[in-house]
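Numbering of residues begins at 1 and proceeds along the displayed sequence. These figures come from a predicted structure and were not determined experimentally.
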Amino acid sequence: MIDFARVQKELQECSKDIEKSGIKVTPKSDSSLSRLIGTIPGPVGTPYEGGIFQIDISLPDGYPFEPPKMQFTTKVWHPNISSQSGAICLDVLKDQWSPALTLKTALLSVQALLSAPQPDDPQDAVVAQQYLKHYQTFVGTARYWTESFAKSSSLGVEEKVQKLVEMGFPEASVRSTLESVGGDENLALEKLCSG
């Protein structure tokens, strides 16, 4: 059984120093604390700098004794993150997890992984090969993906609405869809296209 009192406390801890860390965790819906959305800023001095990355967090029944399941919903070009699914290859999310760790420390570890890729233990072999053999191309691609996928969601709401309305969607449904996905422009576009 998930320790919801602890999860509540962790959410409060995260919101305390959001200005300093930039790390945010919010419930995906009002009805449950087992599905969360984490947000981390791209580390300074990396191709991810300036990007805001969203991570889907799913808490298993055994949390905090079992690690949270995390995967990027923002597309990322990185050897240890699947460019297709957003799956993350990181020991603290697997066998190195400890109940002493928190959602925030897990997200800090993911952020540190952005700064220090481990191409010898890749989640995405294509990206890892590029990192090892054509480093400058890797940096350029990672920067391009950050510009394309991690920065558009930092636009103001009105700019997002304007962009989606220009694509031909009705303004009312654009606003309600953006609201339902927490302002994530890419998710809103997916939802508008599918329904």
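- The cluster map of Ile, Leu, Val, Met, Phe, Trp and Tyr, joined by side-chain heavy atoms under 4.5 Å apart, puts Phe4 and Val25 in the same cluster.
- The aromatic rings of Tyr48 and His78 are tilted relative to each other, their planes meeting at an angle between 30° and 60°.
- In the hydrophobic clustering of ILVMFWY residues, with side-chain heavy atoms under 4.5 Å counting as a link, Val76 and Tyr144 come out together.
- Judged by distance alone, with hydrogens and angles left aside, the side-chain atoms of Thr73 form a donor-acceptor pair with the main-chain N or O of Gln54 at under 3.5 Å.
- Taking the six-membered ring where the residue is Trp, Tyr135 and Phe138 present tilted rings, their angle falling between 30° and 60°.
- The distance from the NZ atom of Lys75 to the OG atom of Ser82 is 8.5 Å, given to the nearest 0.5 Å.
- Tyr63 places a side-chain heavy atom less than 4.5 Å from the side chain of Arg6.
- Asp56 and Arg35 are joined by a salt bridge, as a carboxylate oxygen and a charged side-chain nitrogen come within less than 4.0 angstrom of each other.
- With 3.5 Å as the limit, one finds no donor-acceptor pair spanning the side chains of Gln8 and Gln12.
- Side-chain atoms of Trp97 and Pro68, non-hydrogen and from C-beta on, do get closer than 4.5 Å to each other.
- The shortest side-chain heavy-atom distance between Phe65 and Asp3 does not fall under the 4.5 Å cut-off.
- Within 6.0 Å of NZ in Lys24 there are 12 or fewer heavy atoms belonging to other residues, nucleotides or ligands.
- Checking side-chain atoms of Gln111 against main-chain N and O of Pro41 turns up a donor-acceptor pair under 3.5 Å.
- When all heavy atoms of Ser173 and Leu192 are compared, the pair lying nearest together is O-CD2, 4.0 Å.
- Residue Glu166 places its CD atom among more than 12 non-hydrogen atoms of other residues, nucleotides or ligands, all under 6.0 Å distant.
- Panel note: side chain Gln129, backbone Ala125; no donor-acceptor pair is recorded below 3.5 Å.
- Between the side chain of Thr46 and the backbone N or O of Pro43, at least one donor-acceptor pair lies under 3.5 Å.
- The distance from atom OG of Ser21 to atom CG of Leu107, rounded to the nearest 0.5 Å, is 9.5 Å.
- Here the side chain of Glu66 pairs no donor or acceptor atom with the backbone of Pro60 at under 3.5 angstrom.
- Between the side chains of Asp124 and Ser83, at least one donor-acceptor pair of N or O atoms lies under 3.5 Å.
- Ionic pairing of Lys163 and Glu185 is present here: one or more N-O contacts between side-chain nitrogen and carboxylate oxygen are shorter than 4.0 angstrom.
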* Step by step, would you call Leu187 with Lys191 a side-chain contact (heavy atoms from CB on, under 4.5 Å)? -> CA-CA 6 Å; Leu187 282 178; Lys191 223 173 172 178; over 6 Å; no
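- Side-chain contact between Ile40 and Leu114 is present, with heavy atoms from C-beta onward closer than 4.5 Å.
- Hydrophobic cluster membership is shared by Val165 and Phe169, with clusters built from Ile, Leu, Val, Met, Phe, Trp and Tyr side chains linked at under 4.5 angstrom.
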* Start with the C-alpha gap between Leu59 and Leu33, add the side-chain angles, then the distance that decides, and say whether side-chain contact (heavy atoms from CB on, under 4.5 Å) holds. => CA-CA 8 Å; Leu59 301 180; Leu33 286 178; 5.7 Å; no
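- Residues Ile81 and Gln123 are not in side-chain contact: their nearest non-hydrogen atoms beyond the backbone lie 4.5 Å or more apart.
- The pair Arg175-Glu171 meets the salt-bridge criterion, since a charged nitrogen lies less than 4.0 angstrom from a carboxylate oxygen.
- Checking side-chain atoms of Asn80 against main-chain N and O of Asp121 turns up a donor-acceptor pair under 3.5 Å.
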* Asked: For Lys104 and Asp17, what are the C-alpha separation, side-chain angles and deciding distance, and is it a side-chain contact (heavy atoms from CB on, under 4.5 Å)?
  -> CA-CA 11 Å; Lys104 183 175 180 187; Asp17 70 346; 2.6 Å; yes
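- Linking ILVMFWY side-chain heavy atoms closer than 4.5 Å, directly or via other members, places Leu132 and Val127 in a single hydrophobic cluster.
- Between Gln96 and Leu101 there is no side-chain heavy-atom pair separated by less than 4.5 Å.
- Side-chain atoms of Thr146 come within 3.5 Å of backbone N or O of Pro47 as a donor-acceptor pair.
- Thr141 is listed as a side-chain neighbour of Gln130, based on a closest heavy-atom distance under 4.5 Å.
- Grouping the Ile, Leu, Val, Met, Phe, Trp and Tyr side chains by contacts below 4.5 angstrom, directly or via other members, places Val7 with Met1.
- In this structure, the side chain of Thr177 does not engage the main chain of Val174 through any donor-acceptor pair within 3.5 Å.
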* side-chain contact (heavy atoms from CB on, under 4.5 Å) between Met70 and Ile57, intermediate numbers included -> CA-CA 5 Å; Met70 294 187 176; Ile57 304 169; 4.1 Å; yes
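- Looking only at side-chain heavy atoms (C-beta outward), Leu90 and Lys94 stay at 4.5 Å or farther from each other.
- Judged by distance alone, with hydrogens and angles left aside, the side-chain atoms of Trp77 form no donor-acceptor pair with the main-chain N or O of Gly140 at under 3.5 Å.
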